[in-house]
Amino acid sequence: DAGVTQSPTHLIKTRGQQVTLRCSPKSGHDTVSWYQQALGQGPQFIFQYYEEEERQRGNFPDRFSGHQFPNYSSELNVNALLLGDSALYLCASWGGSSYNEQFFGPGTRLTVL
Amino acid sequence: QKEVEQDPGPLSVPEGAIVSLNCTYSNSAFQYFMWYRQYSRKGPELLMYTYSSGNKEDGRFTAQVDKSSKYISLFIRDSQPSDSATYLCAMSEGGNQFYFGTGTSLTVIP
């Protein structure tokens, strides 16, 4: 079992551009959450997807959007990139109701210049 | 005021020491309390989770929750160099949104 996978590993963009990050959940998991982790900070919840719909959203602007596909994989899109969007973007997948079933991927490091 | 406060450290201890990591929080609705370990350039890995108040032990790790004081702790006994990582506390009201602390950087010196 490959666990949660994310692509790409690293990404460099310039201000104003748009970016798409991808996540494949752990086998058997149907729920995906996205987090932003700035350097030296804890992860901040962006949103969660279940059954291809956004189930809950954190305090992030509409520039952050997402999608979940029928195979449960997910994308995070960020438009009009700002320097402050530079961070590690983490995907976590969840297969049930117990919190010990949530697994994080290795993250995508986004640098905005 | 942040909902979850955690001393960022860094914390440096000799091998074999007992390590104490702590978080405080302000939201009395938090019911689930988690500790994650994050190695450099990796995603967080769940170590312990506790529902409501009390203690939970798993090998060398003990998690404590004191809801009356809004204070949680993680103790690591017989610390090893492989325990060197950043430790994140996280909390939830029971829904889908987790609130993380900033993380405490721990180095265990051989």
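Worth knowing before you read on, the calculation uses all heavy atoms, side chains too, and leaves out hydrogens, waters and symmetry mates. Convention: sequence-line order gives letters A, B, ...; per-chain numbering from 1.
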Quiz item: Is the distance between the ring centroids of B:Y25 and B:Y71 under 6.0 Å?
Solution: no
Quiz item: Around atom CZ of A:R15, are there more than 12 heavy atoms of other residues, nucleotides or ligands at under 6.0 Å?
Solution: no
Self-check item: Beyond-backbone contact of B:Q31 with B:S92, side-chain heavy atoms, under 4.5 angstrom
Solution: no
Quiz item: Most heavy-atom pairs under 4.5 angstrom with chain B, which of A:G40, A:P43, A:P106?
Solution: A:P43
Self-check item: Winner by heavy-atom pair count (cut-off under 4.5 Å) against chain A, out of B:P44, B:C89, B:G103
Solution: B:P44
Exercise. Taking the six-membered ring for Trp and the single ring otherwise, decide whether the centroids of B:F98 and B:Y32 are under 6.0 Å apart.
Key: no
Quiz item: So, do A:D30 and A:P25 sit near enough that their side-chain heavy atoms are less than 4.5 Å apart?
Solution: no
Quiz item: Is any side-chain heavy atom of B:S12 less than 4.5 Å from a side-chain heavy atom of B:I109?
Solution: yes
Self-check item: A:Q6 versus chain B, the contacting section by heavy-atom distance below 4.5 Å
Solution: neither
Exercise. Check the angle between the aromatic planes of A:Y35 and A:F104 and answer parallel, tilted or perpendicular using the 30° and 60° thresholds.
Key: tilted
Quiz item: chain A heavy atoms under 4.5 Å from B:Q38: which part of the residue, side chain, backbone, both or neither?
Solution: side chain
Quiz item: Quick one: does B:E57's side chain have a donor or acceptor within less than 3.5 Å of a partner on B:F61's backbone?
Solution: no
Quiz item: Is the distance between the ring centroids of B:F100 and B:Y36 less than 6.0 Å?
Solution: yes
Quiz prompt | chain B contact residues among residues 44-62 of chain A, heavy-atom distance under 4.5 Å | solution = A:F45, A:Q48, A:R55, A:Q56, A:R57, A:G58
Quiz item: How about B:M34 and B:L88: do any of their side-chain heavy atoms sit closer than 4.5 Å?
Solution: no
Practice problem: State, yes or no, whether a side-chain contact exists between B:D66 and B:I72 at a heavy-atom distance under 4.5 Å. | Solution: no
Self-check item: Any residue of residues 66-90 of chain A which, by heavy atoms, sits under 4.5 Å from chain B
Solution: A:L88, A:L90
